[in-house]
2 protein chains.
Amino acid sequence: MKILLVEDDVFIGESIKDYFELQGNRVDYYSSPIKALEEIYPNNYDIFLIDINMPGMNGYEFYKELKNYASDVPVIFITAYSDIDHVEQAFDLGAADYIKKPFDLKELELRVKRLVFKKTNEVKITENYRFDLNKLKLFYKDEEVELTQNEKYFLEILVKNIGQVVDSETLKDYVWDGKDICSNTIRTHVKKLRNKLKENFIKNVRGSGYKIEKQQ
Amino acid sequence: MKILLVEDDVFIGESIKDYFELQGNRVDYYSSPIKALEEIYPNNYDIFLIDINMPGMNGYEFYKELKNYASDVPVIFITAYSDIDHVEQAFDLGAADYIKKPFDLKELELRVKRLVFKKTNEVKITENYRFDLNKLKLFYKDEEVELTQNEKYFLEILVKNIGQVVDSETLKDYVWDGKDICSNTIRTHVKKLRNKLKENFIKNVRGSGYKIEKQQ
DNA sequence: CACTTTTTTAACATTATTTTAAGATTTCAA
DNA sequence: TTGAAATCTTAAAATAATGTTAAAAAAGTG
């Protein structure tokens with residue numbers, strides 16, 4: 001799971017980051033929303049944790065920006081306020097949840113898990129293929145398909161967005177962590193991956209990116 | 001909005017019913033899940049509000065039944081428990097949300113509204129065709145029509161100005177980013193697009209440009 | 001270090017899309 | 001009715017995106 005955390009109180013921020021990283025998650029922590037906007041690809045996250053009261057740009061405005069690029073990523077607003085108006089504003093913006101300070105980290109974990117692991121962690125790709133989003137493992141009829149690290153990340157982001165196109169900027173950022181790679185690298189990886197598959201469920205959408213078709 | 005409410009505590013049940021009915025909604029309230037199962041048609045509701053701890057049949061079991069007939073209706077579980085096992089069980093079942101007792105009715109309202117009035121950015125073009133302005137996808141009766149990049153942009157600008165003529169300067173500027181293209185290019189694209197459609201909703205307005213007629 | 005595996009690059013092949021050109025058809029007004 | 005302008009249609013050329021292959025570079029392993 002990859003988390004974007006934006007919280008101006010560095011003590012709270014670091015605590016949350018440590019807590020989730022200890023459980024094997026990836027946490028990108030920013031204490032300033034402005035800085036975050038400059039550096040991130042919103043689509044790469046499973047969830048946003050955003051403080052509402054921050055200097056420079058408040059959490060609502062910040063989320064409005066993110067939403068343009070990642071309308072499907074759930075957000076939990078962290079707030080020191082408790083009045084219903086703030087809750088309402090949050091929900092109007094499409095918030096998935098909100099949590100009031102001070103809170104127990106365990107409670108935050110519950111709320112995060114509730115949103116992120118909405119569905120089962122195994123996603124059915126085709127009749128025979130399924131992908132385990134926790135263990136990043138691909139199975140063909142109960143038999144594991146051996147994947148390299150990059151292939152795992154590649155499938156992870158595709159499976160997370162199953163039915164939707166994942167563009168190459170998102171792929172670069174997610175699989176290669178923003179590193180500058182040659183234009184061919186993605187294509188070569190797709191080729192290698194396809195070679196390992198008995199059915200080619202990795203579809204290219206010309207001019208946009210790659211996707212896995214959603215089953216019905 | 002039509003709500004199914006199943007809650008064994010009659011005081012809470014009636015309060016919720018009154019609250020939502022005051023706002024012009026219809027609420028079918030049952031204090032017993034067994035009774036509810038005998039009388040209702042699950043598919044008639046926009047949302048289910050289900051208490052978890054009920055005598056006779058708990059909320060999870062009750063929802064499992066409903067789900068067979070109405071898998072798309074979102075459910076909010078009402079619970080007095082706060083431990084993770086219950087939350088997990090709820091979400092394994094596909095719960096859209098849960099809310100802990102005691103809660104503010106306004107908060108429940110916000111959570112309900114968020115689920116029921118999810119905003120979409122889909123524009124109806126004809127009886128069978130609709131266009132998603134977020135994802136730039138065209139659908140014919142729930143089936144996506146494959147479009148090339150330029151075709152997507154072309155439809156986007158037409159749909160955004162539905163009912164109005166879009167002149168060729170605007171088209172050039174929007175689809176081709178101002179690039180100098182031969183006078184025939186637009187026509188060829190229109191032709192290709194029309195070939196993909198079962199109904200021709202792209203009308204030419206001689207001397208002006210193209211438009212999509214507004215539905216009523 | 002020597003070996004294997006994985007990742008990246010480069011060069012070229014293939015395919016899909018976009019654009020152009022040129023003839024056919026439609027439309028509208030004189 | 002007729003001619004010019006606009007639009008439609010078709011095919012083919014030009015361009016751009018993706019696919020393929022092999023080999024070099026980098027990373028991991030004992």
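Per chain, numbering begins at 1; letters A, B, ... match sequence-line order.
Residues A:Lys152 and A:Glu156 are not paired through a salt bridge, judged by the lack of any N-O separation under 4.0 Å between the basic side chain and the carboxylate. Between A:Lys124 and A:Glu122 there is no salt bridge, since none of the side-chain N atoms of the basic residue sits less than 4.0 Å from a carboxylate O of the acidic one.
Taking the ring axis of A:Tyr45 as reference, the NZ or CZ atom of A:Lys2 stays within 45° of it and closer than 6.0 Å to the ring centre.
Of all the residues in residues 187-206 of chain A, A:Thr188, A:His189, A:Lys192, A:Arg206 reach under 4.0 Å from DNA chain C with at least one non-hydrogen atom.
Between A:Asn184 and the phosphate of C:dT9, there is no side-chain N or O to OP1/OP2 separation shorter than 4.0 Å. Residue B:Lys179 places at least one side-chain N or O closer than 4.0 Å to OP1 or OP2 of C:dT19. Dashed line: the shortest gap from a side-chain N or O of A:Trp176 to OP1 or OP2 of C:dT7 is not under 4.0 Å.
The interatomic distance linking B:Leu171 (CG) with D:dT7 (C1') rounds to 14 Å, in whole Å. Between the CD1 atom of B:Ile181 and the C1' atom of C:dT17 there is a distance of 14 Å, rounded to whole Å. A straight line from CG of B:Leu147 to P of C:dT17 spans 10 Å, rounded to a whole angstrom. Protein atom CD of B:Gln149 is 10 Å distant from nucleotide atom P of D:dA17, rounded to whole Å. Atom-to-atom, CD1 of B:Ile186 to P of D:dC8 comes out at 11 Å; the value is rounded to the nearest Å.
Side-chain contact, A:Tyr210 with A:Asp167: no donor N or O sits under 3.5 Å from an acceptor N or O. Side chains of B:Lys196 and B:Tyr140: no donor on one and acceptor on the other come within 3.5 Å.
Of the candidates C:dT6, D:dT18, C:dT8, D:dT18 carries the atom nearest the A:Tyr210 side chain, counting heavy atoms from C-beta on.
At a threshold of 4.0 angstrom between heavy atoms, the contacts of A:Thr185 include nucleobase atoms, whether or not backbone atoms are also involved.
Under a cut-off of 6.0 angstrom, the local environment of CZ in B:Arg26 is sparse, with at most 12 non-hydrogen atoms contributed by other residues, nucleotides or ligands.
In this structure, the ring of B:Phe48 has its center no less than 6.0 angstrom from the ring center of B:Phe62.
In this structure, A:Asp180 and B:Asp180 both approach DNA chain C, and ranking their closest nucleotides by distance from the 5' end singles out A:Asp180.
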